[in-house]
There are 2 protein chains.
Amino acid sequence: MSLRHALLGLLAIQPSTGYELTRSFERSLGSAWHAGHSQIYPELIKLEEAGLVEVVGEGARRSRTYGLTSSGREELRLWLVVAEPSRSQRNETLLRWFLLAQLTPADRRAALERELRFVEQERSTLERLWDHHVASGQDHPFGPTLDFGRRYHDLALDWLREQLTAAQDVGTTGTEDTEPRSTA
Amino acid sequence: MSLRHALLGLLAIQPSTGYELTRSFERSLGSAWHAGHSQIYPELIKLEEAGLVEVVGEGARRSRTYGLTSSGREELRLWLVVAEPSRSQRNETLLRWFLLAQLTPADRRAALERELRFVEQERSTLERLWDHHVASGQDHPFGPTLDFGRRYHDLALDWLREQLTAAQDVGTTGTEDTEPRSTA
DNA sequence: TAACGCATGTAATACGTTACATGATTCT
DNA sequence: AGAATCATGTAACGTATTACATGCGTTA
């Protein structure tokens, strides 16, 4: 039940509307957790019924701004410090990377090049955000997160480039270029 | 629908029973995707009905070994090379790390120390697996995966240690140790 | 023969995605 | 006035988790 705690975490940073939370998932928390508005609005109502959040303001277009209650803050603390973490992950990108070895060298090169372009794109987006963060001089709560993302993408780029080099060596040293790595 | 492709990928490495696939998720693919046996057995039946896998052998205790059919191999190829990837992720551990900034410095230190112990443990397990892999001289399909995991864990250790140092500085330079970073 | 690990299955519940649906406000 | 964006909601469907359930084969 991590959606609940992701919402509490975002509301601990600042009170927000469901709409703003939806964008925070896309912009700040996307690499750790994903949720769309159709999940967020019902969950906010459940959190309110449970007394963990409360409406702290209403604005234009029927919007409600939610904030943490003290028991919401305590629940977040318990989850982060006391509760036994669940370590299970789902990362479709990583799944793809780990299965690329099953392709022919030609297919593998094509797939690796697509992944490289994707990661390069993401990396440069993060660099722009990072520059902006540094220039602002603000101690934004997602500063460390941004830095982690930059380093992760650098690692991913190195690894993908090595895999691509390895796949190119196979394809240019006389080995058949159309045979799978393992004929199983 | 990545479970389907994760299974096809594992069966591309070698034909396996549902039980073996369950363990592969724990041991090899755990950092990319998770699935338990109660999901795997029904999915294997659906894959068989769809003609993507077939029973290639039966063993003791009613076990069936499944292998890829040629259309299963083609489906895997299409997914890896042609299909538009879905990039959404869920990583509860990362979610926790990104929300730690919302805790008091004391709580944050406690949580970071727990995370450090966990990652150190994982890292040493990977090192043992890596040593074994290198010693075996075999070109195992999860060799690159293992290497990625080692580097990722090194990055995570660096980052966590930096966060811990920062949290300790806050707690030892006269600042209140029991106040949240942001009083929101 | 008891315990353990292998091997499979299903039912109930919870969680997540996609599609449908509506209306308010701002900008051009 | 029309388009874009803000802002919320729900229904149907698909996926995942937890708990329950059974039986075979090996080893101590």
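Throughout, a chain's letter reflects where its sequence line sits, starting with A, and its residues are numbered from 1.
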Considering only distance and modelled atom types, tabulate donor-acceptor pairs under 3.5 Å from the side chains of residues 74-86 of chain B, sequence neighbours left out.
residue : atom : partner : partner atom : Å
B/E75   : OE2  : B/H5    : NE2          : 2.8
B/R77   : NE   : A/D107  : OD2          : 2.6
B/R77   : NH2  : A/D107  : OD1          : 3.3

Expected output: side-chain B/H133 to main-chain B/L129 donor-acceptor under 3.5 Å: no

Heavy-atom donor-acceptor pair, A/S16 side chain to A/Q14 backbone, under 3.5 Å: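 Side chain of A/S16 to backbone of A/Q14: a pair is present.
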
Using whole Å, what does the distance between atom [atom2] of nucleotide [N] and atom [atom1] of [X] come to?
{"X": "A/I45", "N": "D/dG9", "atom1": "CD1", "atom2": "C1'", "answer": "8 Å"}
{"X": "B/L3", "N": "D/dG14", "atom1": "CG", "atom2": "C1'", "answer": "12 Å"}
{"X": "A/E92", "N": "C/dT17", "atom1": "CD", "atom2": "P", "answer": "11 Å"}
{"X": "A/E43", "N": "C/dT17", "atom1": "CD", "atom2": "P", "answer": "13 Å"}
{"X": "A/R23", "N": "D/dA7", "atom1": "CZ", "atom2": "P", "answer": "7 Å"}
{"X": "A/L44", "N": "D/dA7", "atom1": "CG", "atom2": "P", "answer": "14 Å"}
{"X": "A/M1", "N": "C/dA14", "atom1": "CE", "atom2": "P", "answer": "9 Å"}
{"X": "B/E26", "N": "C/dC6", "atom1": "CD", "atom2": "P", "answer": "10 Å"}

Relative orientation of the end axes in the helix from C/dT1-D/dA28 to C/dT28-D/dA1, expressed as an angle to the nearest 10° (five pairs per end):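 Between the first-five-pair axis and the last-five-pair axis there is 30°.
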
5' precedence on DNA chain C between B/G18 and A/H34 (nearest-nucleotide basis):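 The residue closer to the strand's 5' end, by nearest nucleotide, is B/G18.
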
Salt bridge (Lys or Arg N to Asp or Glu O under 4.0 Å) pairs, two or more places apart, involving residues 9-38 of chain B: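 Those involving residues 9-38 of chain B do not exist here.
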
Pairwise salt bridge (Lys or Arg N to Asp or Glu O under 4.0 Å) hits with a residue in residues 86-105 of chain A, at least two apart: A/R87-B/E115, A/E92-A/R96

[N] phosphate, OP1 or OP2: any side-chain N/O from [X] under 4.0 angstrom?
{"X": "B/R90", "N": "C/dT17", "value": "yes"}
{"X": "B/Q39", "N": "D/dT15", "value": "no"}
{"X": "B/Y19", "N": "C/dT8", "value": "no"}
{"X": "B/R64", "N": "C/dG9", "value": "yes"}
{"X": "B/Y41", "N": "C/dT8", "value": "yes"}

Set of residues satisfying salt bridge (Lys or Arg N to Asp or Glu O under 4.0 Å) with respect to B/D154, sequence neighbours excluded: B/R123

With B/R151 via salt bridge (Lys or Arg N to Asp or Glu O under 4.0 Å) - residues at least two apart: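 A/E162, B/D147.
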
Side-chain hydrophobic cluster, 4.5 Å single linkage: members besides B/M1: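 Its cluster partners, ordered by chain and number, are none at all.
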
Taking distance alone, no hydrogens or angles, what donor-acceptor pairs closer than 3.5 Å link side-chain atoms of residues 38-61 of chain A to residues at least two apart or in another chain?
residue : atom : partner : partner atom : Å
A/Y41   : OH   : A/Y19   : N            : 3.3
A/E43   : OE2  : A/R4    : NE           : 3.3
A/E43   : OE2  : A/R4    : NH2          : 3.4

ILVMFWY cluster, A/F98 and B/L126 together (side-chain gap under 4.5 Å):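 Each belongs to a different hydrophobic cluster.
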
Sugar-phosphate only, base, or nothing, as touched by B/G36 at under 4.0 Å among non-hydrogen atoms: nothing

Under 4.0 Å protein heavy-atom contacts per nucleotide of nucleotides 19-28 of chain C, with B for base, S for backbone only and - for none: B---BBBS--

